[in-house]
Amino acid sequence: MASKLNSDLLQQAIDSILAFSAGNEVEIDGKTVQGKKRNFTETIEAQFTLKNYDPVRDKRFSGTFKLPKVPRPSQKACVLGNAAHCEQADRIGVDHMSVEDLKKLNKNKKLVKKLAKRYDFFMASDNMIKQIPRLLGPGLTKAGKFPTLLAGGDDMQEKIDEQKATIKFQMKKVMCLNVAVGNIEMTDKEIIVNTQLAANFLASLLKKQWQNIGQIFIKSTMGPSIQVYF
């Protein structure tokens with residue numbers, strides 16, 4: 001599917017976002033704005049507004065897509081693993097929990113909620129994934145963080161990197177969708193490719209494709225929103 005995003009407009013917006021996050025002055029909507037350099041790596045997000053779409057009547061959609069470049073490398077993972085996977089996680093410096101650790105939470109809703117908040121995503125050994133609802137209740141599912149399957153022969157680091165590069169679009173009752181498409185440490189080209197691919201993928205999930213997308217803005221964590229699709 002050809003991207004309907006104007007490449008020049010997207011390039012200008014990314015240049016402004018990167019300049020703003022570096023502390024330089026940028027011009028946005030005819031106004032000069034003073035940027036500010038932060039002491040953390042800002043994420044760059046694409047914000048989509050839908051049109052001609054009824055979230056009540058139209059079919060809800062959900063889809064995941066792996067971007068070529070990881071937008072948020074600092075995402076935290078936790079492996080809910082068997083003995084072998086816990087040992088492997090230990091070797092590569094990834095947090096892990098065994099069946100015994102999960103049993104200690106005693107299905108306490110507050111503790112499960114706290115666990116879900118602490119990590120961006122979870123992975124679980126194949127022999128443990130079926131036990132998760134019994135051990136933890138519906139907490140992880142409610143938080144949208146039910147674990148991804150980790151099979152015996154999988155390369156754990158590879159699987160974690162793949163998960164970090166994956167974005168998810170899920171239609172709920174609102175007409176706005178946000179996804180991370182990059183960070184300020186990436187090159188402008190990498191951010192542009194990720195943004196175009198994310199927009200194309202969302203369009204592919206919609207009934208009337210690009211005709212269902214009203215507006216697209218991009219922004220960094222602390223920067224202003226810049227419209228790139230009208």
Side-chain angles (χ1 to χ4, degrees), residues 39-46 62-105 111-170 177-187 189-202 205 220-221:
N39 57 1
F40 67 95
T41 301
E42 293 182 63
T43 297
I44 294 171
E45 194 176 68
S62 175
T64 56
F65 182 81
K66 183 176 177 265
L67 295 172
K69 186 79 180 166
V70 174
R72 290 194 294 165
S74 58
Q75 277 188 310
K76 278 196 84 177
C78 180
V79 172
L80 311 178
N82 53 30
H85 276 149
C86 283
E87 204 176 297
Q88 207 181 331
D90 214 29
R91 280 204 304 273
I92 61 170
V94 172
D95 289 0
H96 53 84
M97 293 178 86
S98 64
V99 171
E100 294 311 310
D101 294 328
L102 297 181
K103 279 180 182 169
K104 284 175 195 164
L105 298 177
L111 293 177
V112 174
K113 202 173 177 181
K114 211 171 166 184
L115 174 70
K117 264 190 172 168
R118 201 182 311 147
Y119 297 100
D120 294 292
F121 63 93
F122 295 85
M123 311 202 95
S125 306
D126 40 10
N127 59 343
M128 261 182 82
I129 205 155
K130 289 174 188 160
Q131 301 180 59
I132 304 292
R134 189 170 54 80
L135 291 166
L136 297 177
L140 292 186
T141 308
K142 276 183 182 171
K145 292 181 183 178
F146 191 78
T148 302
L149 177 68
L150 193 59
D154 284 342
D155 180 317
M156 190 181 285
Q157 188 62 62
E158 208 173 277
K159 200 86 176 165
I160 287 171
D161 291 342
E162 188 180 303
Q163 196 63 22
K164 284 183 179 181
T166 301
I167 54 167
K168 183 177 185 178
F169 285 111
Q170 189 167 14
L177 297 152
N178 301 345
V179 290
V181 289
N183 64 72
I184 58 165
E185 301 289 323
M186 283 164 61
T187 67
K189 295 286 176 283
E190 288 168 340
I191 301 164
I192 286 168
V193 169
N194 272 5
T195 306
Q196 286 175 328
L197 289 172
N200 285 355
F201 178 65
L202 173 60
L205 295 174
S220 62
T221 310

Peer 1: How about E190 and N194: does a side-chain donor come under 3.5 Å of a side-chain acceptor?
Peer 2: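 No.
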Peer 1: Of all heavy-atom pairs between T148 and K159, which one has the smallest distance, and what is that distance?
Peer 2: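 T148 and K159 have their closest heavy atoms at CG2-CE, 4.5 Å.
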Peer 1: Rounded to the nearest 0.5 Å, how far apart are CD1 of I129 and CE of M123?
Peer 2: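 I129 CD1 to M123 CE: 9.0 Å, rounded to 0.5 Å.
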Peer 1: Specify the closest pair of heavy atoms between P71 and A165, including all atoms of both residues, with the distance to one decimal.
Peer 2: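 Of all heavy-atom pairs spanning P71 and A165, the closest is CD-CA, 4.1 Å.
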Peer 1: Determine whether L102 and Q131 make a side-chain contact, defined as any pair of heavy atoms from C-beta on separated by less than 4.5 Å.
Peer 2: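 With C-beta onward as the side chain, the pair stays apart.
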Peer 1: Sub-3.5 Å donor-acceptor pair from the side chain of N183 to the main-chain atoms of R72, do we have one?
Peer 2: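 Checking the backbone N and O of R72 against the side chain of N183, no donor-acceptor pair under 3.5 Å is found.
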Peer 1: Just verifying a value: how many Å separate I191 CD1 and K69 NZ, rounded to the nearest 0.5 Å?
Peer 2: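 Going from the CD1 atom of I191 to the NZ atom of K69 covers 10.5 Å.
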Peer 1: Which value, rounded to the nearest 0.5 Å, describes the distance between T64 atom OG1 and Q170 atom CD?
Peer 2: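 Here the interatomic distance stands at 10.5 Å.
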Peer 1: Assess the residue pair Q157 and D161 against the criterion (side chain to side chain donor-acceptor pair (under 3.5 Å)); give the C-alpha distance rounded to whole Å, side-chain angles, the decisive distance to 0.1 Å, and a yes or no.
Peer 2: CA-CA 6 Å; Q157 188 62 62; D161 291 342; 3.2 Å; yes
Peer 1: Is there a donor-acceptor pair closer than 3.5 Å between any side-chain N or O of D90 and the backbone N or O of E87?
Peer 2: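 It does not hold such a pair.
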Peer 1: Rounded to the nearest 0.5 Å, how far does CG of D120 lie from SG of C78?
Peer 2: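 Between C78 SG and D120 CG, I get 11.5 Å after rounding to 0.5 Å.
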Peer 1: If I compare all heavy atoms of V181 with all of M186, which pair ends up nearest, and what's the gap?
Peer 2: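 Nearest heavy atoms, V181 then M186: O-CE, 4.0 Å.
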Peer 1: Between atom CG of D101 and atom CG of L80, what is the distance when rounded to the nearest 0.5 Å?
Peer 2: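 Rounded to the nearest 0.5 Å, the CG-CG separation comes to 9.5 Å.
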Peer 1: Taking the side chain as every heavy atom from C-beta outward, state whether H85 and H96 have any atom pair closer than 4.5 Å.
Peer 2: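 They are not in contact (no side-chain heavy atoms under 4.5 Å apart), so the answer is no.
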Peer 1: Can you find a heavy atom in the side chain of V193 that is under 4.5 Å from one in the side chain of P68?
Peer 2: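 The answer is yes; the side chains approach within 4.5 Å.
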Peer 1: Any side-chain heavy atom of L115 sitting closer than 4.5 Å to one from M97?
Peer 2: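 L115 reaches M97 side chain to side chain.
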Peer 1: Rounded at 0.5 Å granularity, tell me how far CG in L135 sits from NZ in K104.
Peer 2: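 So the CG of L135 and the NZ of K104 are separated by 13.0 Å.
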Peer 1: Are the side chains of F40 and T221 in contact, using a 4.5 Å heavy-atom criterion?
Peer 2: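 Heavy-atom side-chain distance check passes, below 4.5 Å.
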Peer 1: Taking all non-hydrogen atoms of both residues, which atom of G81 and which atom of S125 are closest, and how far apart?
Peer 2: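 Between these two residues, the closest heavy atoms are CA-OG, 3.1 Å.
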Peer 1: Side chains of Y119 and K145: closer than 4.5 Å at any heavy-atom pair?
Peer 2: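 Result no, sub-4.5 Å side-chain heavy-atom pair not found.
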Peer 1: Please determine whether side chain to side chain contact (heavy atoms under 4.5 Å, CB included) holds for the pair F65 and L202, giving the CA-CA distance in whole Å, both sets of side-chain angles, and the decisive distance to 0.1 Å.
Peer 2: CA-CA 9 Å; F65 182 81; L202 173 60; over 6 Å; no
Peer 1: Which heavy atom in A198 sits nearest to a heavy atom in V179, and how many Å separate them?
Peer 2: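 Closest pair (atom of A198, atom of V179, distance): CB-CG2, 4.4 Å.
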Peer 1: Restricting to non-hydrogen atoms, name the atom on L140 and the atom on V112 that form the minimum distance, rounded to 0.1 Å.
Peer 2: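 Reported closest heavy-atom pair: N-CG1, 4.2 Å.
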Peer 1: Please check if the side chain of K164 supplies one atom and the backbone of P73 the other of a donor-acceptor pair under 3.5 Å.
Peer 2: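 The answer is yes, because a donor-acceptor pair under 3.5 Å joins these two groups.
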Peer 1: Closer than 3.5 angstrom, by distance alone: can the side chain of T43 be matched with the main-chain N or O of A180 as a donor-acceptor pair?
Peer 2: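 Answer holds: no.
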